[in-house]
There are 2 protein chains.
Amino acid sequence: MKKSHTKQELLEAMARHALKHGLNSASLRPLAKAAGTSDRMLIYHFGAKEGLIRELLLFLANDLAIRLDGALPARRAKNRHECISEIVALLRTGPFLPYMRVWFDIVSSAAQGGRDHVQAGSVMMSGFHAWLKERLPQGEEQPDALASSMLTLVEGMAVMDMVGQTDMADLAMETLFPK
Amino acid sequence: MKKSHTKQELLEAMARHALKHGLNSASLRPLAKAAGTSDRMLIYHFGAKEGLIRELLLFLANDLAIRLDGALPARRAKNRHECISEIVALLRTGPFLPYMRVWFDIVSSAAQGGRDHVQAGSVMMSGFHAWLKERLPQGEEQPDALASSMLTLVEGMAVMDMVGQTDMADLAMETLFPK
DNA sequence: AAGGGAATGTAGCGACTGCTACAATAGACT
DNA sequence: AGTCTATTGTAGCAGTCGCTACATTCCCTT
C-alpha cells in the first residue's frame with residue numbers, strides 16, 4: 001500500500017466537499033481532489049460513480065443524525081411552540097445550512113426517480129422523526145402523529161426558506177403551533 | 001426569415017421537455033432538439049444559457065398557475081380538511097407529478113444560491129398562495145395565515161412523498177387538519 | 001529471495017458541455 | 001436591381017464527464 005485511504009476517510013472528505021459545493025453537481029475529479037486522491041482511485045474503490053454516491057448518501061444520512069444529536073440536548077420541550085421553534089431556529093443556523101442544501105439535492109434527485117436518493121432521504125426522515133419524538137413536550141398522547149406533523153411542517157418551512165418565503169414559513173408555524 | 005420560431009413557441013416546447021426530463025440536467029442540445037431547432041439558435045435568441053433558463057423559469061411559473069386554475073374550480077371548500085385534502089389529492093395526480101419534479105429542481109437550485117431560481121420559486125409560491133386563499137372555507141377569520149399554513153404543510157408533504165414517506169405526510173395532514 | 005496481489009500513476013478515449021467564427025440565405029427596403 | 005439586416009447552417013473549440021488500458025510500485029507471503 002502507498003497511502004491506503006480508508007473508504008471511511010474518503011467518504012468523510014467527500015461528504016465535506018458535497019456539503020460545501022452541492023451533491024448533484026459533484027463530479028469525480030473534484031471529489032477526488034477534495035479527498036486527496038484521484039478519480040482513478042475513486043472508481044477503483046467504489047466500482048463506479050453510482051456506488052460512490054450510494055455510499056456517500058448513507059454516510060451523509062448518518063452524519064446528519066449525529067449532527068442533530070450533538071446540536072440539541074435530548075430534553076423535553078416545555079410546550080409545542082417551543083419545541084418546533086427551537087428546531088426551526090436550529091436548522092436555520094449556519095452549521096446546518098449546508099445540510100439543508102444537500103438535503104434538497106437529495107429530494108430533487110429522488111423526485112427524478114433516483115432510488116438511492118429515495119432510500120437515503122427516507123432514512124434521513126425516519127431518523128429525524130425519532131430524534132424529534134424524544135424532544136416533544138411531556139404528556140403528548142400521540143407522539144407519532146405530533147412528530148410527523150411538526151417534521152412535515154418543518155420540511156415545508158425549509159422549502160419556503162429556500163425560495164425566500166421565510167415570512168410565509170413563520171406565519172405557518174405561528175398559526176399551527178401558537179404560543 | 002426561414003422558420004422564425006417565436007420565443008414563446010420555443011419556451012413552450014422547452015418547458016414540455018423540462019417537465020419530462022428534468023430542469024437541472026437540461027442541456028442546450030436536447031432542449032433545442034425538443035424545440036425543433038439547434039443549440040446555435042437558442043444562444044442566438046436568448047444570449048446565453050443563463051437567460052434561457054431565466055425565461056424558462058418564468059414561463060413554468062406562469063404555466064403552473066394556469067394549470068392550477070384549470071384543475072380545480074374556484075369554489076369554497078366545505079371545511080379545512082376537505083380543502084387541504086383536495087389540494088393534496090390534486091397534486092398527487094398524474095398531470096401534476098412533472099410539475100412537482102421540476103419544482104424540486106427549482107428548490108434545489110435555489111438552495112445552491114441560484115437567484116433566478118429563488119425568484120421563480122417565490123413567484124410560484126405567491127401564486128399558489130393566492131390560488132389557495134380563494135378556495136378556503138367561507139368565514140375564516142385569518143385567510144392569509146390559514147393559506148400559509150396549508151401551503152407550507154402541503155410543501156412538506158410533497159417532500160415526504162418524494163422520499164417515500166407518504167404515510168408520514170398523510171398522518172401530518174390528518175393530525176393538523178382533522179375531519 | 002521470489003512471487004503475487006493490492007494499490008497507484010499516467011495517459012487517454014469517446015461523449016458531452018456551453019459557446020463561437022464564418023459563411024450562406026432569405027426577406028424587407030431604397 | 002441592389003443593399004442591408006435578420007436569421008440560419010456548418011464546423012469546431014476548449015473544457016469536462018465517467019471510465020479504462022497499461023504499466024509500475026509496494027507490501028505480504030512463501
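To find a chain, count down the sequence lines: A is the first, B the second, and so on, and within it residues start at 1.
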- Between His45(A) and dT8(C), does any side-chain N or O lie under 4.0 Å from OP1 or OP2? yes

- Query: Which whole-number value in Å describes the distance from Lys7(B) NZ to dA6(D) P?
  - Reply: 15 Å

- Starting from C1' on dC22(D), measure out to OH on Tyr44(A) and report it in whole angstrom. 15 Å

- Query: When you check the side-chain N and O atoms of Gln165(B) and Ser126(A), is any donor under 3.5 Å from an acceptor?
  - Reply: yes

Dump every N/O contact between nucleotides 16-19 of chain C and the protein below 3.5 Å, one line per pair.
from: dT17(C); atom 1: OP1; to: Ser27(B); atom 2: OG; distance (Å): 2.1
from: dG18(C); atom 1: OP1; to: Leu28(B); atom 2: N; distance (Å): 3.4
from: dG18(C); atom 1: OP1; to: Lys49(B); atom 2: NZ; distance (Å): 2.7
from: dG18(C); atom 1: OP2; to: Leu28(B); atom 2: N; distance (Å): 2.9
from: dG18(C); atom 1: N7; to: Arg29(B); atom 2: NH2; distance (Å): 2.7
from: dG18(C); atom 1: O6; to: Arg29(B); atom 2: NH2; distance (Å): 3.1
from: dC19(C); atom 1: OP2; to: Lys49(B); atom 2: N; distance (Å): 2.7
from: dC19(C); atom 1: N4; to: Asp39(B); atom 2: OD2; distance (Å): 2.6

- Rounded distance (Å) that lies between atom C1' of dG9(D) and atom CG of Leu42(B): 14 Å

- Message: Under a 3.5 Å distance rule, please check whether His129(B) uses its side chain to pair with a backbone N or O of Met125(B) as donor and acceptor.
- Response: no

- Message: Apply salt bridge (charged side-chain N to carboxylate O under 4.0 Å, His left out) to residues Asp105(A) and Arg101(A) and explain how you reach the verdict.
- Response: CA-CA 6 Å; Asp105(A) 276 349; Arg101(A) 288 195 287 264; over 6 Å; no

- Does Lys49(A) come within less than 4.0 Å of Asp39(A), counting only side-chain N to carboxylate O? no

- Rounded to whole angstroms, how far apart are CE on Met41(A) and C1' on dA23(D)? 15 Å

- Item | Backbone N/O of Leu72(B) and side chain of Arg135(B): donor-acceptor pair under 3.5 Å | yes

- Using distance alone, with no hydrogens and no angle criterion, decide if Asn24(B) and Gln112(A) have a side-chain donor and acceptor under 3.5 Å apart. no

